[in-house]
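Worth saying up front: this structure is predicted, and the values here are computed from it rather than measured. Side chains included, hydrogens not; waters and symmetry mates left out as well; all remaining heavy atoms used.
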Amino acid sequence: MQGLADFLKSIGAARFGAMIAVTAALIGFFAFVIMRVTTPQMTTLFTDLSVEDSSGIIKDLERQGIQFEIRNEGSIIMVPKDKVTRLRMKLAEGGLPKGGGVGYEVFDKSDALGTTSFVQNINHLRALEGELARTIRAIDRIQAARVHLVLPERPLFAREAPEPSASIVVRVRGSLEAQQIRAIRHLVASAVNGLKPQRVSIVDEAGQLLADGAAADPEQAVGDERRISFEKRMRKQVEDIVSSVVGSGRARVQLSADFDFNKVTQTSDKYDPEGRVLRSSQTREEQSMTADNNGQVTVNNELPGNQQNNGATAKDQSKKTEETNNYEISRTTKTEVTEAGRVNRISVAVLVDGIYSKNDKGELAYQDRTKEQLDRIAALVRSAIGFDQKRGDQVEVVNLRFADAPSTAPIGEPGGLLGMLQFTKDDVMYFVELGVMMLLGLVVLFLVIRPLVKRILASDEVAAAISGVLSGPAAEESAPSAQPLLPSGAASAIDVATIQGQVHAQSVHRVGELAERNPNETVAIVRQWLSESAK
């Protein structure tokens, strides 16, 4: 202990404090590096969580003892990357996340025996609203949704029941298309009995009215949507077939369709005079006979046998035949109903780029396409759109040079080893952190630890050199005169001529240089020797 105390005294308070500070800094730095390297890589478990779902997930993770991080005020939860799949399945088994609303699970723990019909109706309404909100959130670009349903009861003695209505508030990323808005309205209307799509209102988080729900959709809006969808589909077909000929990105197509949205009902009757059909036939025949009996009316004259006996009596006889035929003339009745959305006319404009080839200098040279090629492309376009000349369709194919020339070296997908080594953003950041830590470790090693070790080794070298010099035969004779001079640092006082036979002059100069470069260590070593000799 006495030697340790003497060593600490010889070091000095300033140097001892500096050593302690450097040691603490090194321990802290390497502890941080070790903890950072051993910390598992975190990845996203769930995003856009509500407060209820976030609290439930955190309680479950704490119960399992799994490390997690909370970001964006609890809406994002990070967990170790190697456990994310298992945790998602485990939480899904427990019904998490629920989606920030109450669905049909409200009936799971309810006491149906003591519940009134009013409470049951309210719970049914809450469950229906919650399930619809969850379904709407599954649509792309929708982050959150809230649904309010109004299901009025039919008053007593009322002939007509009031119609139900619904209002929806959504938070979206970007903007919703018209087709998505119509899909949401029809989705809600199909899920609620008696609800019409026209009675559904949709509002976004900025207060913008996406669907008013006050009246029916105008027919023009539906027609425009149908026309736009038709033009988009036909344009894609034309672009695909033209790009396969001239190259990808070397063709521009514009298509315009004229639609007739009027609904026409036409009825026509056609009679065929040659197609007669006998419907009914009626024949009537009358015959009468009279005899001359001088005007006498007797029983004998009226008897049938009396006519045979009186063959010579004069007689009058008449006969009448009548025939009636009824014919049906053939008739054809035709009713044609033409639905709205007929294509009256299609106009297509196709712009294609020319041909690029390398000349003798290795430069790209532009060349126009021949008329035969343009005619073939026009024929393909006409076939793709169902060209009808009677309808007035038009197809124009023009060859012009594009402003941007094609790239001479197209960038392809990485293959081979580069294709296999495709890291994600998290992997790249992890490797960057490791590289920075290794760089800091090398900096500390070469700028802090190496100078300290070198300084300690230099002190030991000075001590060994001075000890070797003073331990010679001439050192004992010159020690009394040299000791007062060494503390002052005067190395030149050593007489080289007196130790010419014991120590080489090079060793003496080396000891002097070390003493000049490290005066404090030299003084400390000499003081230690003096204290040991005094004992």
Side-chain angles (χ1 to χ4, degrees), residues 140-141 174-183 186 217-266 336-360 362-413:
D140 188 21
R141 298 182 184 177
S175 60
L176 293 178
E177 298 179 357
Q179 185 177 1
Q180 290 178 316
I181 296 174
R182 293 183 62 248
H186 284 274
D217 289 334
E219 295 295 335
Q220 187 65 29
V222 178
D224 290 342
E225 182 179 349
R226 183 175 178 180
R227 178 180 57 82
I228 293 172
S229 177
F230 176 80
E231 292 178 351
K232 182 178 180 181
R233 178 172 57 86
M234 298 299 295
R235 186 185 303 112
K236 185 178 184 303
Q237 292 179 0
V238 174
E239 285 182 353
D240 292 342
I241 193 171
V242 176
S243 298
S244 61
V245 177
V246 301
S248 178
R250 313 312 302 170
R252 302 292 184 269
V253 179
Q254 290 296 330
L255 187 143
S256 176
D258 183 15
F259 272 71
D260 184 6
F261 297 102
N262 296 325
K263 184 177 180 181
V264 179
T265 303
Q266 184 178 3
E336 295 181 353
V337 178
T338 305
E339 296 293 338
R342 301 186 306 275
V343 180
N344 291 336
R345 183 169 172 269
I346 299 178
S347 300
V348 183
V350 181
L351 177 63
V352 296
D353 199 3
I355 302 174
Y356 292 88
S357 59
K358 291 185 177 181
N359 54 16
D360 299 337
E363 300 176 352
L364 286 178
Y366 175 80
Q367 181 181 359
D368 292 333
R369 296 185 181 272
T370 61
K371 187 177 182 303
E372 183 181 358
Q373 292 179 343
L374 297 179
D375 292 341
R376 291 181 179 179
I377 294 173
L380 292 175
V381 174
R382 283 193 291 267
S383 300
I385 66 172
F387 182 82
D388 189 359
Q389 188 175 2
K390 297 180 180 179
R391 195 171 54 186
D393 296 345
Q394 290 184 355
V395 174
E396 291 290 340
V397 179
V398 180
N399 177 211
L400 292 176
R401 183 175 182 177
F402 284 9
D404 49 341
S407 178
T408 57
I411 300 177
E413 295 183 357

* **Evaluation steps, side chain to side chain contact (heavy atoms under 4.5 Å, CB included), between L380 and V242** => CA-CA 8 Å; L380 292 175; V242 176; over 6 Å; no
* With a 4.5 Å limit on heavy-atom distance, are the side chains of D393 and R345 in contact? -> yes
* **Spatial distance of atom CG (L176) from atom CD (Q179) [nearest 0.5 Å]** => 12.0 Å
* Any chance you could lay out the side chain to side chain contact (heavy atoms under 4.5 Å, CB included) test for Q373 and I355, step after step, and finish with the verdict? => CA-CA 11 Å; Q373 292 179 343; I355 302 174; 4.1 Å; yes
* **Separation between CG of L351 and CZ of R250, rounded to the nearest 0.5 Å** => 10.0 Å
* Check ring-ring contact (aromatic ring centres under 6.0 Å, His included) between Y366 and all other residues, then give those that pass, not counting sequence neighbours. => Y356
* **With sequence neighbours excluded, residues passing side chain to side chain donor-acceptor pair (under 3.5 Å) with S229** => none
Would you give me the side-chain donor-acceptor pairs under 3.5 Å for residues 258-265, sequence neighbours excluded?
| from | atom 1 | to | atom 2 | distance (Å) |
| --- | --- | --- | --- | --- |
| D260 | OD1 | N262 | N | 3.2 |
| D260 | OD1 | N262 | ND2 | 3.2 |
| D260 | OD2 | R342 | NH2 | 2.2 |

* Asked: Within the distance-only criterion (no hydrogens, no angle test), does the side chain of R369 pair as donor or acceptor with the backbone N or O of D353 below 3.5 angstrom?
  -> yes
* **Heavy-atom pair of closest approach, residues F230 and V343** => CZ-CG2, 4.2 Å
* Hey, could you give me the CD/CD distance between Q389 and Q394, rounded to the nearest 0.5 Å? => 11.0 Å
* To do: Please confirm whether the backbone N or O of A257 pairs with a side-chain atom of E231, one donor and one acceptor, at under 3.5 Å?
  => yes
* Over all atoms of both residues, closest heavy-atom pair of A251 and V246 -> CB-CG2, 3.9 Å
* Would you please test V395 and V397 for side chain to side chain contact (heavy atoms under 4.5 Å, CB included) and show each step? => CA-CA 7 Å; V395 174; V397 179; 4.3 Å; yes
* **Pair listing, ring pair (Phe, Tyr, Trp, His ring centres under 6.0 Å) test, anchored in residues 382-401, at least two apart** => none
* **Pairwise distance CZ(R226) to CD1(I228) - rounded to 0.5 angstrom** => 13.5 Å
* Point-to-point distance, once rounded to the nearest 0.5 Å, from CD of Q367 to CG of N399 -> 10.0 Å
* What residues, two or more places apart in sequence or in another chain, satisfy side chain to side chain donor-acceptor pair (under 3.5 Å) together with Q266? -> none
* To do: State, to 0.1 Å, how close L364 and K358 come at their nearest heavy-atom pair, and which atoms those are.
  => CD2-CG, 4.1 Å
* Asked: Got a donor-acceptor contact below 3.5 angstrom from the R235 side chain to the Q254 backbone?
  -> no
* Heavy-atom closest contact (R391 atom, I346 atom, distance) -> NH2-CD1, 3.7 Å
* Asked: From R252 CZ over to L400 CG, what is the distance, rounded to the nearest 0.5 angstrom?
  -> 12.5 Å
* Asked: salt bridge (charged side-chain N to carboxylate O under 4.0 Å, His left out) with D388: which residues, sequence neighbours excluded?
  -> none
